[in-house]
Amino acid sequence: MDFQLSKTQKEIQKAVRDFCKGEFDKDLALELDRKHEYPTKIWKKAGEIGLIGVHFPEKYSGQDMGCLECILVVEELCRNDSSIGASVALAGFASELVLHYGSDELKERFLPEVAEGRMLSAGAFTEPDHGSDITFLNTTAVKDGEEWVINGAKTFITNGGIAGFYNVLCQTDPDAQPGYRGMSVILVEADRPGLTTQDVGEKMGIRMMATTEVILKDVRVPLSNLVGEENRGFYQVLNFFDESRIQVAAQALGTAQGAFDRALAYVKQREQFGKKIAQFQANQHKIADMATKIELARLITYKAAWNYDQGHIDPKLTSMAKMYAARTAVEVCDEAIQLMGGYGYMAEYEVERFYRDAKITEIYEGTKEIQKNTIAGGIIGKMK
Ligand SMILES: Cc1cc2nc3c(=O)[nH]c(=O)nc-3n(C[C@H](O)[C@H](O)[C@H](O)COP(=O)(O)OP(=O)(O)OC[C@H]3O[C@@H](n4cnc5c(N)ncnc54)[C@H](O)[C@@H]3O)c2cc1C
């Protein structure tokens, strides 16, 4: 067993740290958060220097690296800024569906665009009436000659309205029993007639990121836009979650570490009752608890990523990592605010934004309750 990162992995961390130091800016983050505006310039630069799609093969402009290297990038981005970091980390959201299941033509057309920071991608699974339960969908895709005709509505879609394409999970066999055996993923380019988006409204956190409804009305795409196998889409998406949930765990881990860094620096310089507040044992215990939770979140997140890279896909472990890291992010950010008192509550001190950004990690890519279902199912197995 080896708990050391390799030289290359440490170099990746440093490269991301240097990038963040040069490009991230607190005042810009505050402004973009307030305006609900995507950090376009930073995303593009991240693509130019190879921080997006590090797990894509080189022929698709990636770095030929694994899930572990990918999550090191995500962690470091979110540690430096929870909002800008998450925006960049999710720039290529769900493009892994194309990577793992798409035809060569789809890969060649879309993956380099994503990795080079020229196009954002999106995964459209959730519907207004189907959130945690996507075992049956109202969005349908019907064959008409050489085309799919898609009708339906998706909601809460990250990068909606600014993405170049959507991986849409559709019901392609409405008679399938159970329904999930009749679903397919179909790639829909954003400029297809009949596709419109509508902002979902003000959000608690990750405010720089676009979240929209995606409405599909008689949208026609060629049959070749099918991603993977017809009627296997549900399983493909579940497999995708085994990878993407580790990335969300890394987002949570970085967010927790970033809030911790800020709180630690603060307690070492703030004085009350004639002492640094870091000298009060109550505060020291908070620091100890926060650091321990972060360490545990890091261990399980790295282990899940390592496991994925070994080809041992274990949904139980992935869900544990996502659930634990997300809870850690929420709890650590909460304590960071507490340690910083009234200042922690103010936007200028950043941790309130980290706190708001942390919460989504317990909701998207499967809520913490859904993660528990997966964990328990993996342990108990099928019961008759
Ligand atoms: C900002 C944001 C971005 C998002 N981005 C995307 C995206 O890019 N693509 C996409 O497809 N979706 C996206 N989502 C959707 C997200 O994945 C769903 O919101 C989430 O899966 C929960 O679905 P729901 O909101 O319909 O809640 P519901 O499914 O209605 O759940 C409500 C509550 O009931 C609980 N619950 C439901 N079923 C069970 C059960 N069987 N056992 C125990 N508890 C249960 C849930 O845990 C939750 O606490 C995003 C959501 C948000 C808020």
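Worth saying up front: this structure is predicted, and the values here are computed from it rather than measured. Just so you know, ligand 1 is whichever comes first in the structure, and atom 1 is the first atom listed for that ligand.
Applying the side chain to side chain donor-acceptor pair (under 3.5 Å) definition to pairs two or more places apart or across chains, those involving residues 366-378 are Ser319-Gln371, Thr367-Glu369.
Counting only N and O atoms by type, the side chains of Ser184 and Arg232 include no donor and acceptor under 3.5 Å apart. A side-chain donor from one of Tyr302 and Glu75 sits under 3.5 Å from a side-chain acceptor of the other. In this model, a donor atom of one side chain and an acceptor atom of the other lie less than 3.5 Å apart for Gln247 and Glu96.
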Can you produce the list of protein nitrogen or oxygen atoms under 3.5 Å from a nitrogen or oxygen of ligand 1, alongside each distance?
residue	atom	partner	partner atom	Å
ligand 1	5 (N)	Phe156	O	2.7
ligand 1	5 (N)	Thr158	OG1	2.8
ligand 1	8 (O)	Thr158	N	2.9
ligand 1	8 (O)	Thr158	OG1	3.2
ligand 1	9 (N)	Gly123	O	2.8
ligand 1	11 (O)	Phe125	N	2.9
ligand 1	11 (O)	Thr126	N	2.9
ligand 1	11 (O)	Thr126	OG1	3.1
ligand 1	12 (N)	Thr126	OG1	2.7
ligand 1	14 (N)	Phe156	O	3.3
ligand 1	23 (O)	Ser132	N	3.4
ligand 1	29 (O)	Ser132	N	2.9
ligand 1	29 (O)	Ser132	OG	2.6
ligand 1	41 (N)	Asn373	ND2	3.4
ligand 1	42 (N)	Asn373	ND2	3.2
ligand 1	47 (O)	Thr367	OG1	2.6
ligand 1	47 (O)	Glu369	OE1	2.7
ligand 1	49 (O)	Glu369	OE1	3.4

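A salt bridge is defined here as a Lys NZ or Arg NE, NH1 or NH2 lying under 4.0 Å from an Asp or Glu carboxylate O, and Lys286 with Glu331 fails to meet this definition.
Residues Phe165 and Phe110 place their aromatic rings such that the two centres sit under 6.0 Å apart.
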